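What follows is one structure encoded as structure tokens, with my remarks underneath.
Because the structure is a prediction, the values reported are computed rather than measured. In what follows, every chain begins at residue 1, and chains take the letters A, B, ... in the order their sequences are listed.
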Number of protein chains: 2
Amino acid sequence: MTPLVHSFIAHFGEMGSRWGINRTVGQIYALIFVSPQPLCADEIAETLSYSRSNVSMGLKELQSWRLVRMKHKAGDRREYFDAPSDAWEIFRTLAEERRRREMEPTLSMLRSALLESPTSEEDRVAQERMRGMHDLIELMSTWFDDVQRLDAPTLAKLMRMGSRVQKLLELTGQLKSGSKE
Amino acid sequence: MTPLVHSFIAHFGEMGSRWGINRTVGQIYALIFVSPQPLCADEIAETLSYSRSNVSMGLKELQSWRLVRMKHKAGDRREYFDAPSDAWEIFRTLAEERRRREMEPTLSMLRSALLESPTSEEDRVAQERMRGMHDLIELMSTWFDDVQRLDAPTLAKLMRMGSRVQKLLELTGQLKSGSKE
DNA sequence: ATCAAATTTCACTAATTACTGAACGTTCAT
DNA sequence: ATGAACGTTCAGTAATTAGTGAAATTTGAT
């Protein structure tokens with residue numbers, strides 16, 4: 001393995017825990033991501049010096065995140081894996097999975113908590129704060145969903161505009177209020 | 001503790017690991033978040049049945065995330081803590097901290113990897129993919145920075161528009177190209 | 001049907017992370 | 001200065017998570 005690839009893989013191993021995956025999974029992903037061609041489990045285990053079973057688990061997890069795709073070669077029973085290389089696609093997938101795993105459970109907990117009628121002042125305050133949290137998470141969740149539908153170039157254009165969209169917003173605001181008057 | 005508050009705290013404990021914090025830290029935050037008034041370490045340790053030292057560590061971590069603020073009461077040496085209750089402020093803080101912890105280290109690794117000249121075809125491909133990743137992360141990073149500067153109402157308006165901003169974008173595109181012709 | 005090449009499962013060990021209690025340090029009222 | 005009330009640090013233990021190797025299972029060619 002070249003030093004360049006090695007440092008990339010090592011970094012993904014180290015960052016893994018911050019990203020909610022473990023070292024192995026991070027490194028397997030990094031390796032697949034930079035490889036010119038799909039890899040099979042044995043090649044991965046060999047390259048990273050992990051046990052075959054560990055690699056098997058790691059691949060399962062990466063598939064559950066939809067970060068790698070299984071491929072088959074004609075006349076070869078082994079499963080090969082590669083990773084989408086389009087960064088926007090990766091971002092979309094990651095956003096969607098995080099929403100599902102990190103936001104949805106909380107959203108449903110909050111929803112049911114907000115159905116209860118508060119029986120004390122303490123509960124009333126608590127519920128009020130939960131409502132604030134719920135509304136924001138729901139808004140972000142819908143927004144994610146919504147933005148996912150945009151194609152990559154539009155999304156990129158939008159992001160590059162950054163806070164300048166505010167100008168645009170002000171403009172439309174004026175148009176609207178102008179048309180009302 | 002009321003059942004309502006209890007289930008909220010329990011949920012944050014369980015979700016903690018998915019969010020990159022541990023059970024204790026999640027629960028401490030949840031408790032502070034729903035409390036009508038600031039709490040001191042002893043109250044927290046008592047309520048959640050954690051050791052005083054564990055609470056001390058947890059509070060340090062929450063402070064490092066800027067999710068809780070230290071308060072002082074006149075004539076009381078103890079440190080009290082409360083949490084910002086404005087959901088937008090919380091979101092902003094979280095986005096900023098995540099950018100700093102989860103994106104920046106990778107960005108700087110990628111930056112230096114892209115400075116190397118590839119010595120093989122393998123490296124060339126790897127570097128190409130790294131560039132795609134780098135460019136996206138940088139774009140998102142700048143976008144975060146940018147969007148942070150918007151005030152909460154504008155941000156909310158923008159998110160509620162969701163994918164409908166695309167229409168707006170098309171409109172401006174037309175205006176621009178129209179003015180050129 | 002049988003075998004060989006794969007993948008997966010699982011019980012076990014290793015490594016890491018979380019948590020505690022005791023010791024230590026600091027601050028402030030007396 | 002003394003000591004009580006806090007907050008912090010740290011070494012040790014508990015709990016959790018990661019990783020392994022052997023056994024079990026699946027798959028497909030013969």
Side-chain angles (χ1 to χ4, degrees), chain A residues 9-32 38-65 67-82 101-102, chain B residues 9-32 38-65 67-82 101-102:
Chain A
I9 291 175
H11 179 85
F12 268 63
E14 286 155 17
M15 293 297 287
S17 52
R18 292 200 197 180
W19 298 333
I21 54 176
N22 63 34
R23 192 167 59 104
T24 317
V25 173
Q27 295 195 352
I28 293 175
Y29 178 70
L31 176 60
I32 293 176
L39 302 173
C40 69
D42 280 316
E43 289 168 327
I44 297 168
E46 168 79 7
T47 310
L48 302 176
S49 312
Y50 286 126
S51 71
R52 185 62 189 68
S53 56
N54 197 8
V55 170
S56 176
M57 309 258 236
L59 287 169
K60 276 275 163 303
E61 173 146 10
L62 287 170
Q63 283 175 279
S64 84
W65 278 93
L67 285 169
V68 301
R69 293 175 299 211
M70 202 191 295
K71 297 268 164 121
H72 284 101
K73 291 189 182 177
D76 188 336
R77 274 170 52 198
R78 278 170 296 185
E79 296 167 347
Y80 287 80
F81 296 89
D82 72 354
R101 296 165 192 234
E102 299 180 6
Chain B
I9 291 175
H11 179 86
F12 268 63
E14 286 155 16
M15 292 298 287
S17 52
R18 291 199 197 181
W19 298 335
I21 55 175
N22 63 34
R23 193 166 59 104
T24 316
V25 174
Q27 295 196 352
I28 294 175
Y29 178 70
L31 176 59
I32 293 175
L39 301 173
C40 69
D42 280 315
E43 291 168 326
I44 296 168
E46 168 79 8
T47 310
L48 302 176
S49 311
Y50 287 125
S51 72
R52 186 66 189 66
S53 56
N54 197 6
V55 170
S56 177
M57 310 255 240
L59 287 168
K60 278 277 164 301
E61 174 148 9
L62 287 170
Q63 283 175 279
S64 84
W65 278 92
L67 285 170
V68 301
R69 294 175 298 210
M70 203 192 293
K71 297 268 163 122
H72 283 100
K73 290 189 184 178
D76 188 336
R77 274 168 51 198
R78 280 170 295 185
E79 296 168 347
Y80 287 80
F81 296 89
D82 71 356
R101 297 165 191 233
E102 300 180 5

Q. Can you give one letter per nucleotide of nucleotides 23-30 of chain D, 5' to 3': B if a protein heavy atom sits under 4.0 Å from the base, S if only from the sugar-phosphate, - if neither?
A. ----BS--

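The two atoms that bring Ser64(A) and Arg101(A) nearest to each other are O-NH2, 3.0 Å, heavy atoms only. Shown here for Leu39(A) and Ile44(A), the closest heavy-atom pair between the two residues is CB-CG1, 4.0 Å.
Ring planes of Phe12(B) and Trp19(B): perpendicular class, angle over 60° (limits at 30 and 60°).
Not one side-chain nitrogen or oxygen of Arg52(B) sits closer than 4.0 Å to the OP1 or OP2 atom of dG21(C). Put simply, Asn22(B) has a side-chain N or O that comes within less than 4.0 Å of OP1 or OP2 on dC19(C). Contact annotation: Arg23(B) does not reach the phosphate of dT17(C) (side-chain N/O to OP1 or OP2, under 4.0 Å). A sub-4.0 Å separation between OP1 or OP2 of dT8(D) and a side-chain N or O of Ser56(B) is present.
Side-chain proximity of Ser53(B) to the nucleotides dC10(C), dC10(D), dC19(C) is greatest for dC10(D).
Mapped onto DNA chain D by nearest heavy atom, Glu79(B) and Val25(A) fall at different nucleotides, with Glu79(B) at the one closer to the 5' end. For Asn54(B) and Asp42(A), each mapped to the nucleotide of DNA chain C holding its nearest heavy atom, the one lying further toward the 5' end belongs to Asp42(A).
Heavy-atom distances under 4.0 Å link DNA chain D to no residue of residues 10-19 of chain B.
Residues satisfying the side chain to side chain donor-acceptor pair (under 3.5 Å) criterion with Glu46(B), sequence neighbours excluded, are absent altogether.
Checking side-chain atoms of Glu61(B) against main-chain N and O of Gly58(B) turns up no donor-acceptor pair under 3.5 Å.
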